[in-house]
Amino acid sequence: MSEQNRQAAGADPTGSASPHSATRGKTRTPSENPRSRGSAIGTDYSIEYPEEFAETAGAHAQPPVLTVSGLSIDYRTRSGESVPALRDVGLTIRPGSMTAVVGESGSGKTTTASAVIGLLAENAQVTDGTVVLGTYGEEPELDLGALSPREWKRVRGRRIGYIPQDPGTSLNPVKTVGANVAESLRLHTALSAEARRARVVELLDRVGIDRAAMRADQYPHELSGGMRQRALIAAAIAVDPQLLIADEPTSALDVTVQKRILDLLDELRREAGTGILFITHDLAVAAERADALLVVRRGHVEESGPASRLLRHPESAYTRRLLADAPSMQSLLALGGDGGTAGGADEAADGVAAASGGEDSGTSAGAGGEARPLVEVSGLTQVYARVPRDEHDADAGEQIIGIEDVGFTVERGTTLGLVGESGSGKSTIGRALTGFLTPQSGAIRVGELDATRLDRRGLRAFRRTVQLVHQNPASALDPVHSVGSSIEEPLRNFRIGSKAERKGLVARALDRVALDPSLAARRPRELSGGQLQRVAIARALVIEPELVVFDEAVSALDVTVQAQILELIDGLQRELGLTYVFISHDLAVVRQVAHTVTVMSAGRLVESGPVGRVFSQPQEAYTKRLLGAIPRPLETQVLDHQALSI
Amino acid sequence: MAVYLAGRLGQALLVLFLAYTAASMLLMILPGDGVLARYANPALGLSGEQVEAIRQSYGADAPWYVQYWQSLSGFLTGDLGYSVNSGAAVSTLVASALPSTALLAVSGFAAAVVLAVAVAVLASYGKPRWLASAFDSAPSLFISVPVFWLGIVIIQVLSFQLGWVTMVSPGPLESLILPTLTLAIPLSAPLAQILIRAIAEVRAQPFVHVTRAKGAGEAWMLVHSVIRNAMLPALTIAGLLFGELVAGAVVTETVFGRAGIGALTAQAVANRDNPVLLAVVVIATVGFVLVNLLVDLLYPVVDPRLRHRGRVGAAARRRLGARAQASGTGPSRTGADRADQEEEIRA
Amino acid sequence: MSASTAHTPPSAGTAAPASGTPAHGGARPAGLGTRLRLPRITTLIAAVVLGVTILWALVPGLFTGHNPIDGGETASLLAPSAEHWFGTDQIGRDVYSRVVHGASRSLLAALIAVAVGLVVGSAIGLIAGSRGGWVSDVLMRIVDVLLSIPALLLTLTIVIVLGFGTVNAAIAVGIAAIAQFARLARAQTVTIMQADYVQAAYGSGGTYWSVLFRHVLPNAVSAVLALAVLQIGSAILQISTLGFLGYGTPAPAPEWGLIIAEGRNFVATAWWLTVLPGLIVMAVVVSTHRLGTALREAAQ
Amino acid sequence: PDDTAPLSGGRPAPGGVLRYFEPQTWTTLYPPSAGFYPNGGIVNNITDRLLFQDPQTLELHPWIAEALPEANADATEFTFRLRTGVTHSDGTPLDAENVARNFDLYGRGDNARALPVSEQITNYAGSEVLDERTVVFRFDAPAPGFPQATATMNAGLVANSTLELDAEGFGPGSATRIVTSGPFTVAEEEVGTRLSVRVREDYDWAPPHLEHQGRAFLDGIDYLVNGEYSVRIGALVSGQADGVRGVEAPDEARVEEKGLRLYAQPTNGINNGLSFRSRHPLLADVTVRRALTHAIDRDRIVAKLFTDNYPKATGVLAQGAAGYVAAPRAWAFDPDRANALLDEAGWTERTESGHRTRDGEPLTLRVNIAHPQPRSREVMSLVQEDFARVGVHLTINEGDYAQQTIDSLELDRVQVYHSMVARADYDVLASQWSVANRDAFLNHDEETGEWGDERTQEILDRITGSASAEDRAAAAAELQEHFIDQALVVPLFEEPQVFGFRRRVRDFSTEPVGRPAFYSVWLAD
Ligand SMILES: Nc1ncnc2c1ncn2[C@@H]1O[C@H](COP(=O)(O)OP(=O)(O)OP(=O)(O)O)[C@@H](O)[C@H]1O
Ligand SMILES: Nc1ncnc2c1ncn2[C@@H]1O[C@H](COP(=O)(O)OP(=O)(O)OP(=O)(O)O)[C@@H](O)[C@H]1O
Ligand SMILES: [Mg+2]
Ligand SMILES: [Mg+2]
């Protein structure tokens with residue numbers, strides 16, 4: 001079918017109704033009954049391969065939860081022309097199964113999801129195709145394309161749960177997190193206020209948010225990126241929908257939490273028979289959990305089928321490249337192989353000789369004979385709230401929200417990886433480091449500048465030196481400006497180049513982050529999540545600052561683009577000696593790019609050291625736990641277990 | 001909070017003083033004075049000398065700073081002085097005018113809010129499109145109707161033609177209906193306009209999308225998601241409407257023959273009746289400062305992002321603590337209190 | 001092909017591709033086409049209305065042959081007729097001709113009033129909202145003072161200081177409107193200052209002023225402009241109040257507000273005196289609003 | 001709704017409260033300041049006067065005074081003999097002592113209490129109470145107008161307690177403190193909107209000249225205020241009100257059509273007109289003044305703006321006024337003549353806009369708006385048109401009521417003064433033009449001692465200072481002649497007070513200068 005689809009797309013690039021859609025194959029997808037899969041999934045790692053589910057499930061073929069066929073969607077751009085976003089996409093989801101849509105950034109994954117829940121952007125136009133929601137208990141089968149708004153109300157939220165891609169802007173900012181999560185409950189159940197609250201706390205707890213009762217009373221802007229994402233997940237599953245659409249639900253989550261979420265989704269599949277449309281760029285996750293895979297590229301289906309087959313015997317060249325690019329597999333394999341010297345960064349890291357904690361930073365002998373590291377942080381404290389011990393959290397000690405007494409150094413020309421669970425204070429450090437937050441106490445020195453004490457001129461020099469790539473690119477880009485002008489802005493502010501030269505620089509910056517320079521004219525809302533993230537990176541890099549703080553900067557990118565970006569920043573580092581602080585939950589990526597790594601937990605620094613050492617011989621139990629939760633697709637699993645000695 | 005309030009209260013007093021002074025200055029700038037305006041009125045037929053003698057007895061010929069100081073010290077001791085135009089005590093005039101205006105202002109404001117919300121909702125959600133579009137234009141229509149004309153038409157039709165309410169010695173409620181209507185229509189225009197824009201902006205936000213994906217209908221979202229977010233600019237406008245109320249009262253009270261601050265202002269301006277005008281300024285300022293203080297205090301209530309960081313945590317935990325006390329779960333009260341104290345020490 | 005059939009649709013009839021272009025989902029009302037066309041008609045009408053008024057302002061002589069400031073022997077308060085489209089006023093002048101000849105003065109006055117209020121008010125609001133601290137306190141308290149003084153007193157004094165005349169009356173009305181714009185702009189600014197993109201703009205090396213102009217202003221301006229359009233209408237009417245009190249346009253020059261205000265005593269006997277010029281004002285304000293909306297939609 | 005009640009028939013019967021609309025709220029009940037229409041409408045009905053002046057014949061009749069006063073030869077001493085049994089509503093007697101105290105205040109004023117002297121009582125020397133019923137008033141100079149002055153509402157008599165009040169006490173908010181002996185007494189006040197007066201049941205001292213005696217027919221009057229003309233007239237037409245003052249000319253037809261009654265009461269004073277302030281350099285030249293006189297098309301003004309109730313002026317004074325002299329040929333409209341005269345005076349050059357100049361100086365004059373007078377703004381607009389046609393630029397003075405008052409006191413601001421005064425006595429001429437009163441010409445500069453037209457003042461002094469009616473009449477005639485000869489005054493029309501009443505309101509009349517008199521009014525059912 002992939003061949004056929006490609007032909008269809010090729011033959012009819014204008015996007016009118018595909019004549020092929022009616023002639024497509026009629027063989028049913030081998031489906032699996034979640035209940036037949038036993039309790040294996042989500043409880044331990046001895047998972048059965050999706051292929052096996054497919055075989056067992058084939059026997060009790062249930063009607064699908066969702067059938068998408070021949071879906072084609074165009075976007076009208078501001079200049080009036082139509083840009084095709086989807087071409088003849090088809091997919092089926094059986095009850096209790098998970099279909100993962102993977103593909104490069106901008107390939108149309110989010111568009112597919114939005115189309116299923118009927119919430120396409122204003123300028124989108126469905127040119128062809130149908131979306132059918134299967135029966136569910138008493139509820140009838142529905143042609144979603146023909147629903148009235150009134151009918152939609154009974155479908156959305158109740159029968160289809162939706163987890164949006166961008167957590168930064170997807171929560172109502174003036175409502176508490178609890179109230180945000182409770183919305184579906186209010187809409188679709190008759191629960192009392194107390195019952196709702198209990199359920200909300202339970203849900204927040206289930207998605208791994210600590211101190212759920214307190215978190216429910218906080219406002220979205222008081223949560224970390226990962227927490228917001230989880231709050232959205234909690235909201236989507238609140239009423240046990242028949243179909244769950246999860247658009248990159250774990251992109252901002254560290255591996256431990258990611259595992260918890262994935263387990264939760266498995267549980268839902270198993271217990272409630274929920275069908276899941278799982279959108280991700282992370283092949284490892286897809287491989288580990290999905291029953292079926294759908295590889296999309298430039299709006300059409302490249303290849304689809306059971307996950308195990310696709311991973312083992314990819315047919316299309318694109319799928320093969322995706323697999324090859326996946327850093328998690330590469331690096332972890334390498335990690336397992338030679339014990340900590342894999343990855344291009346390691347040689348440099350060795351040279352730096354482990355500028356570890358803040359305490360011993362003074363003594364570190366810098367690379368290239370430099371007397372001082374570029375970045376020096378000590379005693380950094382920003383306490384939003386201190387949470388006292390409570391009954392449910394007896395062993396947690398006194399917990400804080402924010403960061404407390406954090407110190408580290410970063411040598412010039414090296415990369416510090418900042419890892420840690422969601423909400424551990426990574427972004428707070430990033431913001432403090434880049435001068436967006438004046439911490440309550442502590443010292444930050446970058447080069448000759450003291451970040452906590454900047455006069456007007458100093459601030460300007462500081463901005464020239466330090467750049468932050470925000471965790472939520474959607475909210476960090478001004479909606480009224482084109483992305484091109486957002487990228488140009490630092491150039492203009494620092495008076496770099498003439499007007500014409502700046503145009504060229506912007507185009508080059510876009511090209512470097514693998515974006516078509518023609519996208520420069522678009523507004524942020526007309527771009528996909530990954531594209532926005534790359535725009536944010538381009539903006540930070542365009543003035544080639546000395547220090548760049550990447551806050552989850554590649555989390556929404558598919559492996560291919562991610563690899564390209566990582567290569568880009570690596571190249572810049574080599575060329576210009578840039579220094580990076582790389583915040584990521586993706587240990588594989590950190591392993592690849594970082595020289596030294598600092599591990600955070602609950603606002604405190606847990607462990608720090610050269611990346612090779614920390615990853616191969618973690619000292620702290622927390623670090624071990626973190627490393628142990630990395631998803632293990634396919635062959636790598638057994639290997640990892642041994643390598644990490646868990 | 002207490003510190004903030006005290007600060008604002010201090011500022012309020014300053015505003016009061018400045019407004020008073022500014023108004024006094026403006027009145028000095030206006031040529032002629034109330035005494036002259038009154039006693040040189042041809043209806044009295046007094047000669048120039050006679051007028052001058054009376055002016056002297058009023059002290060109207062004293063230098064401005066003397067007059068200013070006298071009136072200021074009078075105000076500080078609670079003596080509002082006497083109307084130059086009628087000789088009546090300003091306190092009497094104000095006391096008899098204030099309740100009626102306050103009543104009209106409250107009812108007019110309430111009606112305006114209701115009207116504005118209705119217009120904004122219909123303009124944002126109305127079906128079919130042309131209806132919505134018609135309501136979208138309603139604010140600009142409302143504001144370009146001359147108030148006096150509106151009042152006259154309303155009176156002509158509802159009272160004189162249809163006889164629903166009487167204009168002559170109406171009951172207290174009856175006397176309020178038509179002026180309220182007249183006041184509310186132009187008053188609602190800016191509010192509705194801002195609401196329409198704010199609603200449109202909020203509806204374009206991603207989180208509204210997400211709420212829609214939860215199965216919320218437009219009406220539900222309007223009530224639970226949109227309004228709160230659209231309220232901030234609307235709140236500002238609502239605070240400003242106080243001024244419009246005073247200005248609107250001038251015309252409305254004139255048209256409807258209601259005694260009130262508005263009518264008093266119009267007369268006082270026309271007669272250069274400085275003591276009355278200054279009293280009006282003081283009343284208006286107090287009203288304004290209070291209303292806008294309220295609005296400023298409401299901003300952070302409406303939009304939690306505007307709360308000070310530390311304070312939010314404290315507030316959230318206090319609520320949590322209270323709830324925990326009630327339900328017996330959650331962090332202990334003392335714990336919450338301790339955290340609060342810590343916070344204050346840090347701040 | 002065997003594996004790839006997994007995601008082909010079932011052969012059920014429901015899967016047949018729908019003809020046409022079904023708008024997918026309740027978020028968008030069906031029939032995009034009609035929705036786009038309908039405003040266009042009103043927009044067109046709005047453009048025509050404004051166009052004609054501007055022509056009135058530029059070349060009034062083309063539109064009327066009557067003398068706007070001398071009614072000759074014509075009787076006063078004549079009802080609208082073929083000869084006098086809007087009737088004649090209280091001293092026998094042709095109202096239509098006065099409206100046409102008054103266009104330039106009234107439009108100019110309204111624009112000046114709105115411009116003064118908008119520019120000064122927004123500037124104050126933007127600075128107060130973005131600076132915070134004592135700057136904000138000082139500016140907003142000044143605004144409070146401005147708000148507290150009865151508009152009538154304020155405008156009267158300003159006119160008396162500046163001297164009588166349409167432009168000065170317009171400036172006075174504009175000054176009285178500053179406070180409104182300032183407060184609204186500040187409220188908008190305060191929220192926008194919280195946005196990540198403002199932080200990011202600072203991070204891109206933006207100075208206070210560049211961030212203010214490039215990011216805060218464009219995002220704050222929507223609500224402020226919405227108010228400004230309304231202000232055109234209320235400015236004309238406020239100027240009319242001044243005119244009626246004798247502080248506006250000196251007689252016998254025609255000016256819309258004055259025409260309306262002077263006709264007020266004849267609402268019962270000669271309704272056309274207020275109603276027709278009043279309708280013109282409404283038409284202009286509504287058209288401006290309509291056109292503004294259309295422009296904003298087009299920009300998005 | 002049309003009013004179809006019969007216009008006549010029925011017998012007067014007591015009962016009913018009259019709802020009567022005023023455009024403005026009253027400002028003071030201090031009788032000397034009652035010239036303001038809303039004040040006069042009240043004072044006239046709550047106070048009694050020593051004498052009664054017949055509104056038609058303008059003859060004086062006894063009222064509280066038993067007979068017309070005895071005056072000495074040079075009119076500096078007047079002896080009044082009062083009727084007995086008259087009491088104020090608080091029970092205090094209206095006796096000689098009370099009357100004397102009234103006039104002592106009115107004749108002298110009290111600046112300390114901000115109570116001005118009465119315009120109509122000049123050169124007041126003092127009073128003497130001869131006995132309980134007899135009082136003598138003395139003057140420093142002849143005061144032949146005094147008996148008439150005692151008949152006006154400005155000489156309304158109030159109780160002793162009221163005489164103690166200061167300006168505040170006479171002002172809004174304390175109306176109920178005003179104690180009088182009139183047919184009605186103040187009962188209730190709502191500041192700014194309503195004043196209710198109620199009938200005095202034991203009233204029995206109406207002017208003997210009147211047919212009706214005893215208690216007034218009405219139970220009371222509610223004076224209502226509404227600033228909006230169309231609302232007042234609408235309330236009347238719709239039957240919500242019984243009467244309004246100030247029906248405007250364009251509405252007269254409609255009001256009559258609706259079956260309502262119009263009462264156009266001549267005000268019997270100086271005609272509504274313009275005074276040229278000859279002290280101003282531009283108007284010092286009589287040729288210019290004559291030219292301006294001929295430029296004004298008075299017929300057009302009356303035809304366009306008014307009705308038959310506003311007859312074109314035939315003299316400086318209204319036809320019903322004391323001292324009226326007809327001047328049929330004066331003030332003829334003759335623009336050619338006006339142009340010729342202006343050329344003759346040297347105003348030959350023209351600006352681009354067609355206004356005349358002389359040696360570069362423009363011929364620009366400014367006129368005030370007389371807000372209390374009917375349609376002053378419109379009248380002046382037409383004059384403005386007339387002047388423009390002969391190349392004279394007339395600016396209409398900007399500003400509200402107070403501004404007009406203030407500006408009118410400045411020669412620099414206002415050179416052409418629009419006004420009128422109503423008083424049924426020769427003295428009205430002095431009221432309008434004497435430097436001791438309103439001084440419409442601003443005739444005399446105190447600092448330089450310069451006069452605009454000194455002769456005017458001489459004649460006026462003769463009017464106020466002559467003891468005999470004949471001398472006064474002669475002087476008045478001379479003054480009018482002088483005005484015409486010197487083109488100092490252009491009377492435009494005779495100004496009435498126009499009231500509208502529902503048909504059931506019967507026997508409405510006014511005092512001589514048009515303030516309503518409700519004593520004899522009754523309501524038919
Ligand atoms: N403005 C704020 N007000 C109150 N609490 C805040 C605020 N910002 C962050 N926090 C809290 O500080 C803690 C650390 O947040 P931070 O954003 O630094 O986490 P993070 O490590 O970046 O997590 P993630 O990986 O999920 O993005 C969280 O518990 C968060 O709730
Ligand atoms: N509102 C819009 N207007 C115009 N083009 C759009 C709009 N939304 C998305 N696009 C474009 O459509 C394409 C598909 O976008 P989509 O969001 O579906 O990508 P995606 O697969 O989710 O990517 P990512 O992994 O980066 O989130 C992209 O090229 C994007 O630029
Ligand atoms: Mg996406
Ligand atoms: Mg973060």
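Letters A, B, ... are given to chains in the order of the sequence lines, protein chains preceding strands, and every chain is numbered from 1.
For the atom pair CZ (B:Arg212) and NZ (A:Lys153), the distance works out to 11.5 Å, reported to the nearest 0.5 Å.
Heavy atoms of B:Val208 lying under 4.5 Å from chain A are absent altogether.
Side-chain atoms of B:Asn229 and A:Pro173, non-hydrogen and from C-beta on, do get closer than 4.5 Å to each other. Residues A:Thr169 and B:Gln205 have side chains not in contact (no heavy-atom distance under 4.5 Å, counting atoms from C-beta outward). Side-chain contact between A:Asn172 and B:Thr211 is absent, with no heavy atoms from C-beta onward closer than 4.5 Å.
B:Leu141 is linked by a side-chain contact (heavy atoms from CB on, under 4.5 Å) to C:Met282, C:Val286, counting only residues two or more places apart in sequence or in another chain. For A:Pro164, the side-chain contact (heavy atoms from CB on, under 4.5 Å) partners two or more places apart in sequence, or in a different chain, are A:Tyr162, A:Ser170, A:Leu232, B:Val210.
One N or O on the side chain of B:Arg228 and one on the backbone of A:Val174 form a donor-acceptor pair closer than 3.5 Å. Judged purely by atom type and a 3.5 angstrom limit, B:Lys214 uses its side chain to pair as donor or acceptor with the backbone of A:Asn180.
Contacts of residues 181-191 of chain A with chain B at a heavy-atom distance below 4.5 Å involve A:Glu183, A:Ser184, A:Arg186, A:Leu187, A:His188, listed in sequence order. Taking non-hydrogen atoms and a 4.5 Å limit, the residue list of residues 103-115 of chain B in contact with chain A is empty.
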